[in-house]
Amino acid sequence: MNPEIVSIGDERSGSTAKILVGLGFNCFSFQVPTDLQPVEVLYAPPDFASGTVRPSHGGIPLLFPFAGRLAGSEITFRGATYSIGDLDDHMGNAIHGYVLNRPWQVVEAGPWRVVGQFHAATLAPGLLKKWPANFRLTVAYEVSGRSLVCDITIDNPDDKPLPMGLGTHPYFRLPLGLSGQAAECRIRVPAREIWPRGEMLPTGEHVPLAPGDAIARGVRFADTELDDVYGGLEFRDGVCSTSIEDPASGRTMTQTFDEFFRACVVFNPPHRQAICIEPYSCIPNAYALAERGIDAGLRVLAPGESVATRFTISLS
């Protein structure tokens with residue numbers, strides 16, 4: 001399989017990005033020029049673009065209509081039960097939604113911007129038996145200066161309510177250039193609480209972090225062993241800012257996003273060539289938590305309703 005790839009770039013800055021249209025509209029490369037050579041901000045396995053690697057293992061997988069794990073292989077929504085299908089995480093849980101491993105449709109393309117769309121009824125009509133409502137996800141990637149900007153719009157084109165959660169799963173390459181050391185990079189997520197997990201699923205508790213907790217002030221990558229769900233994010237003027245600082249190269253990667261997202265999953269892949277800082281609109285397993293009366297951020301779009309959000313990745 002050779003999925004379609006679209007390349008975009010900013011001619012003035014020299015920054016470029018590559019998107020796998022045929023595999024989840026995954027942006028798997030974002031390069032920013034420096035005095036020596038371009039710096040690749042994102043991590044993807046060497047053969048990722050071939051489509052033979054699991055799509056959740058590199059680039060920026062897009063997770064929808066749920067992000068992270070759901071307990072078992074069913075959800076209950078407003079009294080009805082839906083069988084999610086074969087999305088097993090090898091522990092009996094569904095994981096990461098339907099759109100990260102399927103072909104998308106390009107609806108607009110230019111030298112510095114590309115727009116992709118996934119409409120369930122058109123591209124994967126079998127999903128309509130597995131989810132409470134039809135859905136349409138439109139994603140625009142744009143390269144501007146030293147930044148990658150992503151605008152996402154979620155539409156409910158159905159006559160039924162659409163329960164949904166959105167997550168992004170970016171793999172940030174460490175270090176930020178050949179001169180740095182991954183171990184010394186500092187990871188920062190301005191969170192005030194953590195959602196403990198049992199058997200890989202949030203229990204429903206959320207516990208305040210100690211004042212000055214390392215993740216909030218910046219923790220050395222060498223000291224991390226993370227696969228944790230953080231909440232209570234700090235927003236300033238409606239924007240949350242997470243970052244990776246590479247002291248050896250003097251570079252900083254900053255990821256910002258708006259208040260549509262209420263949590264961050266932070267994950268160390270076993271190969272430790274990258275770290276994932278993943279904005280989620282809801283806590284994983286939000287459907288089961290909502291059934292227990294726990295506010296985990298599950299959102300429901302009314303028929304005809306839409307919602308939009310944005311995240312930006314920059315290298316300075």
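Model, not experiment: these values are computed from the prediction.
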Q181 atom CD, over 12 foreign heavy atoms within 6.0 Å: no
For [X] versus [Y], what's the shortest heavy-atom pair and its separation?
X	Y	value
P196	I194	CD-O, 3.3 Å
A308	T153	CB-OG1, 4.0 Å
L174	I244	CD2-CG2, 3.6 Å
L176	R251	O-NH1, 2.7 Å
V41	V32	CG2-CG2, 4.3 Å

Please round to the nearest 0.5 Å and tell me the distance separating atom [atom1] of [X] and atom [atom2] of [Y].
X	Y	atom1	atom2	result
N26	L20	CG	CG	6.0 Å
F77	L298	CZ	CG	7.0 Å
L315	T254	CG	OG1	8.5 Å
R272	Y43	CZ	OH	13.5 Å
F221	I187	CZ	CD1	6.5 Å
Y230	E278	OH	CD	12.0 Å

Please say yes or no: joined through hydrophobic side-chain contacts below 4.5 Å, possibly via intermediate residues, are [X] and [Y] part of one cluster?
X	Y	answer
V149	I154	no
Y280	F311	no
V265	I277	no
F64	I60	yes
M164	I294	no

Looking at [X] and [Y], would you say the former's side chain and the latter's main chain have a donor-acceptor pair under 3.5 Å?
X	Y	answer
N93	R69	no
T242	Q255	yes
N268	P270	no
R146	P33	yes
D228	V266	no
Y141	W112	no

Answer yes when [X] and [Y] have at least one side-chain N-carboxylate O distance shorter than 4.0 Å, and no when they do not.
X	Y	value
R310	D151	yes
R236	E234	yes
D246	R173	no
E108	R113	yes

Min side-chain heavy-atom separation R217-R188 under 4.5 Å: no
Side chains of L148 and C150 in contact at under 4.5 Å (non-hydrogen atoms):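 When only atoms from C-beta onward are counted, C150 and L148 do not touch, as no gap falls below 4.5 Å.
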Passing candidate, side chain to side chain donor-acceptor pair (under 3.5 Å) with S147, options S15, S314, S316, S13: S314
Name the orientation class of the two ring planes belonging to [X] and [Y] (parallel below 30°, tilted from 30 to 60°, perpendicular beyond 60°).
X	Y	result
F28	F48	tilted
Y171	H169	parallel
F25	W104	parallel

Distance only, no hydrogens: is a donor on one side chain within 3.5 Å (strictly under) of an acceptor on the other, for [X] and [Y]?
X	Y	value
T309	D258	yes
T81	E74	no
H96	N101	no
S29	E40	yes

Qualifying residue, where the test is side-chain contact (heavy atoms from CB on, under 4.5 Å) with L166 and the options are P65, S281, P279: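 Going through P65, S281, P279 one by one, the side-chain contact (heavy atoms from CB on, under 4.5 Å) with L166 is satisfied by S281 alone.
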